[in-house]
Amino acid sequence: MEQQSPPHVYKKVLVIDDTEMDLAVARIAMRKYAFAMDVVLKKSVRSGMEYLESFQENPEELPQLIFLDINMPELSGFDFLELYEQLPDQIKRNCIIMMLSTSLVEDDHKKALNNKFVSKFLNKPLDRSKLESIKNEFISKSAA
């Protein structure tokens with residue numbers, strides 16, 4: 001008898017990070033632990049914004065979670081949050097944002113958690129315990 005893989009926790013997750021290694025680690029962890037069926041990777045704030053804006057007419061296709069790096073060239077994760085605020089409500093109400101960082105700067109943590117769109121601040125890398133924590137905390141808000 002063929003063993004079935006466990007169901008995925010989320011249908012779609014977006015990761016915005018400029019580092020190839022961090023994107024790869026996120027994708028591998030999410031697949032390994034059946035966290036997300038579809039893991040979308042974007043290397044910049046602009047490409048992440050364009051991706052989200054493409055679903056204005058189909059908000060049901062938006063990612064349920066967005067993992068957002070703070071420190072990126074050109075535009076930071078905080079710049080993303082300013083742009084995100086200008087998006088239509090049908091986009092904003094469908095996504096939960098998690099800030100990701102290797103930053104140990106206390107101000108980054110405070111600034112992230114004081115933003116009304118940020119639900120959680122996580123230190124990189126994503127691993128099983130962090131994904132389990134998210135699953136347990138947010139599953140009722142956006143389960144597939």
Salt bridge (Lys or Arg N to Asp or Glu O under 4.0 Å) assessment of E50 paired with K42: CA-CA 10 Å; E50 289 168 4; K42 298 294 179 184; over 6 Å; no

Taking all atoms of both residues into account, what is the closest heavy-atom pair of [X] and [Y], and its distance?
| X | Y | value |
| --- | --- | --- |
| G77 | M99 | C-CE, 4.2 Å |
| L62 | F55 | CD2-CB, 3.6 Å |
| D79 | S76 | OD2-N, 2.8 Å |
| I66 | C95 | CD1-CB, 3.8 Å |

Approximate separation, where rounding is to 0.5 Å, of [X] [atom1] and [Y] [atom2]:
| X | Y | atom1 | atom2 | result |
| --- | --- | --- | --- | --- |
| L41 | Y51 | CG | OH | 10.0 Å |
| E132 | Y33 | CD | OH | 9.5 Å |
| R93 | D89 | CZ | CG | 5.5 Å |
| L23 | L126 | CG | CG | 10.5 Å |
| K135 | L65 | NZ | CG | 13.0 Å |
| L81 | I97 | CG | CD1 | 5.5 Å |

Check whether [X] and [Y] end up in the same hydrophobic cluster, where Ile, Leu, Val, Met, Phe, Trp and Tyr are linked by side-chain heavy atoms less than 4.5 Å apart.
| X | Y | value |
| --- | --- | --- |
| L131 | V118 | no |
| F78 | L87 | yes |
| L52 | M98 | no |
| V13 | I96 | yes |
| V9 | I134 | yes |

Over 12 non-hydrogen atoms of neighbours within 6.0 angstrom of CD in E57: no

Is the backbone of K12 close enough, under 3.5 Å, to the side chain of Q64 for a donor and an acceptor to pair up by distance? yes

4.5 Å side-chain heavy-atom contact, [X] and [Y]:
| X | Y | result |
| --- | --- | --- |
| H109 | N123 | yes |
| L113 | K120 | no |
| L100 | L68 | no |

Within 45 degrees of the ring normal and closer than 6.0 Å to the centroid, is that where the cationic atom of K92 sits relative to Y84? no

Determine, step by step, whether K124 and D22 satisfy the salt bridge (Lys or Arg N to Asp or Glu O under 4.0 Å) criterion, reporting the C-alpha distance in whole Å, the side-chain angles of both residues, the deciding distance to 0.1 Å, and the verdict. CA-CA 8 Å; K124 292 181 190 178; D22 290 331; 2.8 Å; yes

Worked check of salt bridge (Lys or Arg N to Asp or Glu O under 4.0 Å) between D127 and K130: CA-CA 5 Å; D127 58 24; K130 289 176 185 127; 3.8 Å; yes

